[in-house]
S.K.: 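Handing you a structure now.
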Amino acid sequence: MTRPRQLLALCGAGICLLIGGLIPIMSPAQSSVPQQTPVYNPYPPGILPPDLDSEIARVLREIDVIEARAIERWHSLPLPTRLNIRPGPNPPVLKDTGTASIETLGELMLFDKNMSPGKNQACTSCHMPYAGWSGPIPSVNLTIIAYPGTAHYRAGKRTAQRHTYAPFFPALQYNQEQMLFFGGNFWDSRATGYRLRNPDAEQAQGPPVDTQEMGFPDTACVAFRLSQAVYKPLFELMWGNNSLDIKFPPNTEQICATPGGAVVFGGDPEPIKLTSEERTEASTVYDHWGASIDAYEQSVQVSNFTSKFDAFLKSNYTMTPDEMAGFNLFNGKGNCNSCHVDGRGTTLKPNQHDTSTNATANPPVFTCFGSANEGLPLNPRNAFYYQTTPDSFGFIGNPYGFGYRDLGMGTFLRSGFGSGPNPNRNWTQFAPSVDGQFQVATVRNVAMTPPQCPTTEAGNGKPYFQKEFFHNGYIKSLKQLVHFYNTRDTSFAYPVTSGHCPPGTIERVTCWPMKEVPNNLDTTTGMLGLTDQEENQIVAFLETLTDGFTAPYPNSDTFTGACMTCNPGDPNCSASTQGNGALIQTPPLPPCAAAICGVAPVPSPPIP
């Protein structure tokens, strides 16, 4: 029985809905007429960057360029050979171009903006090659942190992680001897690899159905849109003839054109009504989606070890004095190597010398694959805090507002709000020991920028590409990042929130606001005693980890936006004060919401 219709009409993506109503089945002629979705803008003035719409459109044009290149590459590939008779006990393998075929399929998927309800959002809307496969819009990196999804302007709560070398992370595991977790993908490691045994493939299954990202309401929408894709023959070549021949009901297009979280679905995660056999087929396609994207991200198109540092390992590059000094600091006084491991020793005692060498046959990925709480302040610029009212689909992104605290892996282990289900009940007990911890990302490509914007750092006379660092984007330059590690726990630490540093101090320079989550703090950093010059030398070393030195980096030439510049007379025209002109005052913070900090086993000590 249809529930009573209410007054609020929900319109979008070729379909109008009524709260409390049902999804109507329209004729093809009706459903082909596009309708504008009312823009969701709960943000106070000044939160959204003024160029947001034009920048989103710019990135979509760049995505189209790379998708066209991938289609051309697919068409130029000779068909792989299927052997009718396999010598010996070998499994079936597509000979010769099988590798290139599945990697190209993954690329086509990753840059396909049809994989969203509005056909306006690809995976790469948040991860472009020229930015090291991280956020491609400088003004977003400077301000709202997370990228708008298919429904404008819903946005997530964390920065876009780099895709490069993510496939090297193992399945999440708790090491009982070290009492630490290692592995997984996403900042909170919720792509555990528990089922596919491949965290990167499972990570690729997240954004298509994330309500604030690509936003499909049902995983079967991926199979549905793939069945209409121009590269469907390539998918069927790799994963089997008729693998996309699923009998979808007539209203599938309307369902898949409606962003997830719409109240019309009543919380149903599978609004497309398929038989059990068809649901299994659609789920298998979804697994193939993840595996194909992982194949591309593992490939030399993405993770290719072509940096200055890799050339240095083979004696094909001589580091500058500052780069070499930074490398030695990275492994010594800076203690970076205790987490971003490169296969050598670390933290030397006086009069000791590191004589170990890197294994060139297995170049370091510069991560321990673990997680850590670095004690970042709460960032009031994060768009997530303001999404407290319903959008035109009746969806509320964050009902807790500034009562939300990002506990990272701790929230995931509790299967809590804003994360995903924990597939291992034995891990739940460890949640209090990992509150505030986030994945130790590789530092490879941390400094990658478009060629025309040669640096991430302001104030050196060069045009720069504004990036954002750590999970909440509070840090705006590599100089700030190293300075934070160096001085977080010195006299620069103040019991204030961001935007409220005492007079006479400079936020991010001589004032670090209090930690959002003080529990489980990583104390291997915070008071390193580095000089200003030594900080700069570590930055110089980090810049040697950018791929594209020994060979051009694929698709790094597609940036068509504008680099940032600054006036030397501007007090924020330096890598130390970069982004300070965009700081805002944190409002008075309510206590951490019970739905986050009151979930058993509760944080210990309690999170304020």
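Numbers here are sequence positions counted from 1.
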S.K.: Can I get a per-line list of side-chain donor-acceptor pairs under 3.5 Å for residues 557-566, giving both atom names and the distance, sequence neighbours left out?
M.R.:
residue: Asp557; atom: OD1; partner: Arg69; partner atom: NH1; Å: 3.0
residue: Asp557; atom: OD2; partner: Arg69; partner atom: NH2; Å: 3.1
residue: Thr558; atom: OG1; partner: Asn555; partner atom: O; Å: 2.9
residue: Thr560; atom: OG1; partner: Glu62; partner atom: OE2; Å: 2.9

S.K.: The criterion is disulfide (SG to SG under 2.5 Å); which residues satisfy it with Cys256, sequence neighbours excluded?
M.R.: Cys221
S.K.: Answer yes or no for Cys597 and Cys592: SG-SG distance under 2.5 Å.
M.R.: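 Cystine link detected, SG atoms below the 2.5 Å cut.
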S.K.: With a 6.0 Å cut-off on ring centres, are Phe470 and Tyr485 close enough?
M.R.: yes
S.K.: A side-chain contact here means heavy atoms from C-beta on lying under 4.5 Å apart; do His500 and Glu507 qualify?
M.R.: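 No - every pair of side-chain heavy atoms lies 4.5 Å or more apart.
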S.K.: Are the side chains of Met115 and Met109 in touch, meaning some heavy atoms are under 4.5 Å apart?
M.R.: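 Result no, sub-4.5 Å side-chain heavy-atom pair not found.
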S.K.: Using side-chain heavy atoms (C-beta onward) and a distance below 4.5 Å, is Tyr153 in contact with Leu52?
M.R.: yes
S.K.: Is the closest side-chain heavy-atom distance between Leu521 and Lys515 below 4.5 Å?
M.R.: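 Contact flag for Leu521/Lys515 side chains = yes.
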S.K.: Can you pull the salt bridge (charged side-chain N to carboxylate O under 4.0 Å, His left out) pairs that have at least one residue in residues 436-464, sequence neighbours excluded?
M.R.: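 As it turns out, the salt bridge (charged side-chain N to carboxylate O under 4.0 Å, His left out) pairs with a partner in residues 436-464, which skip direct neighbours, are Asp310-Arg444.
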S.K.: Quick check on the 6.0 Å ring-centre criterion: do Phe549 and Phe309 meet it?
M.R.: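 So the answer is no for these two rings.
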S.K.: With a 4.5 Å limit on heavy-atom distance, are the side chains of Glu202 and Asp294 in contact?
M.R.: no
S.K.: Using side-chain heavy atoms (C-beta onward) and a distance below 4.5 Å, is Leu378 in contact with Phe402?
M.R.: yes
S.K.: Check Asn382, Asp406, Asn472 against Arg158 for a side-chain hydrogen bond (donor to acceptor under 3.5 Å, both in side chains) and give me the one that passes.
M.R.: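 Going through Asn382, Asp406, Asn472 one by one, the side-chain hydrogen bond (donor to acceptor under 3.5 Å, both in side chains) with Arg158 is satisfied by Asp406 alone.
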